[in-house]
Amino acid sequence: MDLFETSAKNILKTRSPLADRMRPRILSEYVGQKTILGEGRLLRRAIEADRLSSLIFYGPPGVGKTTLARIIANTTKSHFITINAVLAGKAEIVQSIEEAQNEFKFNARRTILFVDEVHRFNKAQQDALLPHVESGVLILIGATTENPYFEVNKALVSRSRIFQLFPLNDNDLREILFMSLKDPVRGFGNKKVKIDDGAVLHLCNSANGDARSVLNAIELAMETTLEDENGEIRITREIAEESIQKRAVLYDKDGDAHYDIISAFIKSVRGSDPDAALFWLAKMVYAGEDPRFIFRRMIILASEDVGLADPNAVSVVMNCAKAYDYIGMPEGRYPLSQACLYLATAPKSNSTMGFFDALRAVEVEDKADDIPNHLRDANRDEKGFGHGKGYLYPHAYKDHWVKQQYLPDNLQGKTFYTPSDQGYEKTIKERKKNAENK
C-alpha cells in the first residue's frame, strides 16, 4: 500500500456516513441484543474467550449483525476474512479457502470467514464451504436478513449456531443517538447541539428498530441545520420530521415479515377483531404490499372461516376485489377496507373444513364399487343392470325431502358437515335437525 492509497483511505474514513463511523469496535460499545450479548451470555463469553464455532446472525437490517462480525474481527486471534455474497463469485470463495488452508498449514491458525448476506450464495457456493467448515479449517460467520432454516444450506445450518437479532427498542436507539452527538471524533461531539425531546422521540419511533436509520436521520439534520448566533445547532421536532419523513416499516415481500404480518392479519380477522385487522391491513398497504394478494387471502378466508355463517361473504369480497381492479389506488383502499371489516365483523364458521374429512375418507375408506344402486345413473343401465332402481325423487315428497341412503354402505352414519349455530348457518342447523327427526 503506497502513500497515496493510505491517504485516500484516511480521507474516505473521515467522510464516510455517520452510521459507518459510529459502528462499535469493541463489545463495550455495542448497544442492544441483551438476550444474546448480556453479561454472562453464551455468545458474549465465546467472543471474550475467543472460542467461537460457526455462527449465523439472523435479523432485519440495522440491528447489528455486521457490527458483531467486525467486533469479532477486532478481538479474535484467528485469521479473519470477510466477503459479501452478493459480490463474491467462485474465484473469491476458492481464494478464501486457499488462504485459510495456508494459514492453518504454515501458522497453525484457524480462519474466520465472515459472509455478509450469506443467503445470497447459491447451493453450489454453500456446498463448497461445507467440507472446510466441517474440518475446522474455516469458522463460518454468516449474516442474513432471511430465515436461515429456509434460505441457507441445511448442512451449514446444522453445523452452525443460529443467533436471532431483534429490532432495537427505543431506549437502545436513544442511547445510540446521544452517543453520536457526544463522540468528538466519530460523531458531533465537537459541536454545540441541543435536541428537543420531541425530536428524539420522533427519530427513535420512526426508525422502527433500525440504528442505521436513526444515525442517517440525525446526520442529515445536523448537516442541513445552521448554527444560531451562539454557535449552537438546535434540532427541533420539525427538523426531525423532515430528516426522516416516513416511518420505515419492516416488511420484506419475500421474507419472514411478509408472512408474519399476513398471518397476524388473517388471525385478527378470524378472531373478529376489526381494529387489529385494520391495523395489520394498513401496515401491509403502507409498506407497498400488492392489494390483490390481500384480496386473494380474504377470498380464501371468506370460505374457510366465515363460510355458510354468512354465504354473502364471498360475494362481498369478490365485488370489493373487482371494485379495486376498476378504480385502482388510492381510492381502492375503500373497498379493501370494506372487505376487511365485513369479514372481521361477520359471524364465523369453519364447517367447510368438513370437505377435508370427506377427502380423508376417500383416501382411506373408499372402495372401488361402493355407489348405492339407487344412486347410479339410470339412463344407461336401468334395463340391463337395474341401476337407479328404488331411487326416491325428493321433490315428490312433502317439504321436498325424503329419507334415503346417500352415503356408501361402509360410511353409513358418518358425519362430515356439522353446521354451527352462527348467523345463517343456525337456520341450516335447525332445518337439518327437523329433517332428521322426521
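Keep in mind the model is a prediction, meaning the values are calculated, not measured.
- Side-chain contact check for V137 versus T111: every heavy-atom pair is 4.5 Å or farther apart.
- Counting non-hydrogen atoms of neighbouring residues, nucleotides and ligands closer than 6.0 angstrom, the OH atom of Y326 reaches no more than 12 such neighbours.
- Shown here for T76 and I112, the closest heavy-atom pair between the two residues is OG1-CD1, 3.7 Å.
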- What do the steps show when you test R234 against D228 for side chain to side chain contact (heavy atoms under 4.5 Å, CB included), and what is the final call? CA-CA 8 Å; R234 185 184 175 195; D228 62 17; 5.7 Å; no
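- Other residues, nucleotides and ligands contribute only 12 or fewer heavy atoms inside 6.0 Å of the CG atom of D197.
- Within a 6.0 Å radius of CZ in R44, more than 12 heavy atoms belonging to other residues, nucleotides or ligands are found.
- Note: I36 CD1 to L165 CG = 4.0 Å, rounded to the nearest 0.5 Å.
- Under a 4.0 Å N-O distance rule, the pair D196/R237 does not qualify as a salt bridge.
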- Message: Show, in sequence, the C-alpha distance, side-chain angles and deciding distance for V269 and D305, and conclude whether the side chain to side chain contact (heavy atoms under 4.5 Å, CB included) test is met.
- Response: CA-CA 9 Å; V269 175; D305 295 298; over 6 Å; no
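- Of all the heavy atoms in P60 and T145, the pair that sits closest is C-CG2, 4.4 Å.
- Under a 3.5 Å cut-off, the side chain of S54 and the backbone N or O of L140 do form a donor-acceptor pair.
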- Might you work through the side-chain hydrogen bond (donor to acceptor under 3.5 Å, both in side chains) test for R110 and S78, ending with a clear yes or no? CA-CA 5 Å; R110 293 202 298 176; S78 300; 5.5 Å; no
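- In this structure the side chain of P24 reaches within 4.5 angstrom of the side chain of I71, judged on heavy atoms.
- Annotation: side chain of Y342 is in contact with side chain of N312 (closest heavy-atom distance under 4.5 Å).
- In this structure the side chain of R270 never reaches within 4.5 angstrom of the side chain of L343, judged on heavy atoms.
- Side chain of E219 to main chain of L18: a donor-acceptor pair is present (N/O by atom type, distance under 3.5 Å, no hydrogens or angles).
- Residues D172 and K34 are not paired through a salt bridge, judged by the lack of any N-O separation under 4.0 Å between the basic side chain and the carboxylate.
- Summarising the local packing, CZ of R161 is surrounded by 12 or fewer heavy atoms from other residues, nucleotides or ligands at distances under 6.0 Å.
- Across N169 and N171, no two heavy atoms sit closer than the pair OD1-N, 3.1 Å.
- In the model, R23 has a side-chain atom that pairs as donor or acceptor with a side-chain atom of T67 under 3.5 Å.
- With respect to L203, the side-chain contact (heavy atoms from CB on, under 4.5 Å) criterion is satisfied by exactly one of D170, L173, I218: I218.
- With contacts defined as side-chain heavy-atom distances shorter than 4.5 Å, the pair V157/I162 qualifies.
- Nearest approach of F416 to A361, heavy atoms of both residues: CZ-CB, 3.7 Å.
- Panel note: side chain K191, backbone G187; no donor-acceptor pair is recorded below 3.5 Å.
- With hydrogens and angles ignored, the 3.5 Å screen pairs a side-chain donor or acceptor of N147 with a backbone N or O of Y149.
- Between the side chain of R41 and the backbone N or O of G38, no donor-acceptor pair lies under 3.5 Å.
- At least one side-chain heavy atom of F80 sits under 4.5 Å from a side-chain heavy atom of I72.
- For OH of Y30, the number of neighbouring non-hydrogen atoms (other residues, nucleotides, ligands) closer than 6.0 Å is greater than 12.
- Looking at every heavy atom in both residues, K414 comes nearest to L407 through O-CD1, 3.6 Å.
- Within the model, atoms OG of S206 and CD of E241 stand 8.0 Å from one another, a figure rounded to the nearest 0.5 Å.
- In this structure, I233 CD1 and K192 NZ are separated by 10.5 Å, a value rounded to the nearest 0.5 Å.
- By the 4.5 Å heavy-atom criterion applied to side chains, L281 and F265 are counted as neighbours.
- Under the 3.5 Å distance criterion, the side-chain polar atoms of T225 are left unmatched by any main-chain donor or acceptor of M222.
- With a 6.0 Å radius and a threshold of 12 heavy atoms from other residues, nucleotides or ligands, Y417 has its OH atom above the threshold.
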May I have the list of side-chain donor-acceptor pairs in residues 291-298 shorter than 3.5 Å, sequence neighbours left out?
residue, atom, partner, partner atom, Å
R292, NE, D325, OD1, 3.1
R292, NH2, D325, OD1, 3.3

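- Without hydrogens or angle criteria, R21 side chain to R186 main chain gives a donor-acceptor distance under 3.5 Å.
- The backbone N or O of M353 lies less than 3.5 Å from no partner atom in the side chain of N350, so there is not a single donor-acceptor pair.
- Without hydrogens or angle criteria, E29 side chain to R25 main chain gives a donor-acceptor distance under 3.5 Å.
- N153 contributes no side-chain N or O that, together with a main-chain N or O of Q126, makes up a donor-acceptor pair within less than 3.5 Å.
- By the neighbour-count criterion of 12 heavy atoms within 6.0 Å, atom CD of Q164 is densely surrounded, having more than that number from other residues, nucleotides or ligands.
- Nearest heavy atoms, Y424 versus P311: CD2-CG, 3.6 Å.
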- Give the intermediate values and the outcome of side chain to side chain contact (heavy atoms under 4.5 Å, CB included) for residues R120 and Q125. CA-CA 9 Å; R120 300 283 189 179; Q125 288 171 313; over 6 Å; no
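- Atom OG of S158 sits about 7.5 Å away from atom CG of L130, to the nearest 0.5 Å.
- Between L68 and L37, the closest side-chain pair of non-hydrogen atoms falls below 4.5 Å.
- The side chain to side chain contact (heavy atoms under 4.5 Å, CB included) test applied to R174 returns F178, V200, C204, not counting sequence neighbours.
- Taking CG of L168 as the reference point, atom CZ of R212 lies at 11.0 Å (rounded to 0.5 Å).
- When each of E425, E304, Q422 is tested with S349 by the rule side-chain hydrogen bond (donor to acceptor under 3.5 Å, both in side chains), just one qualifies, namely E425.
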- Message: Between V31 and M179, is the side chain to side chain contact (heavy atoms under 4.5 Å, CB included) condition met? List the steps.
- Response: CA-CA 10 Å; V31 177; M179 283 171 62; 3.8 Å; yes
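- Between atom CG of residue L215 and atom CG of residue L177 there is a gap of 7.5 Å, rounded to the nearest 0.5 Å.
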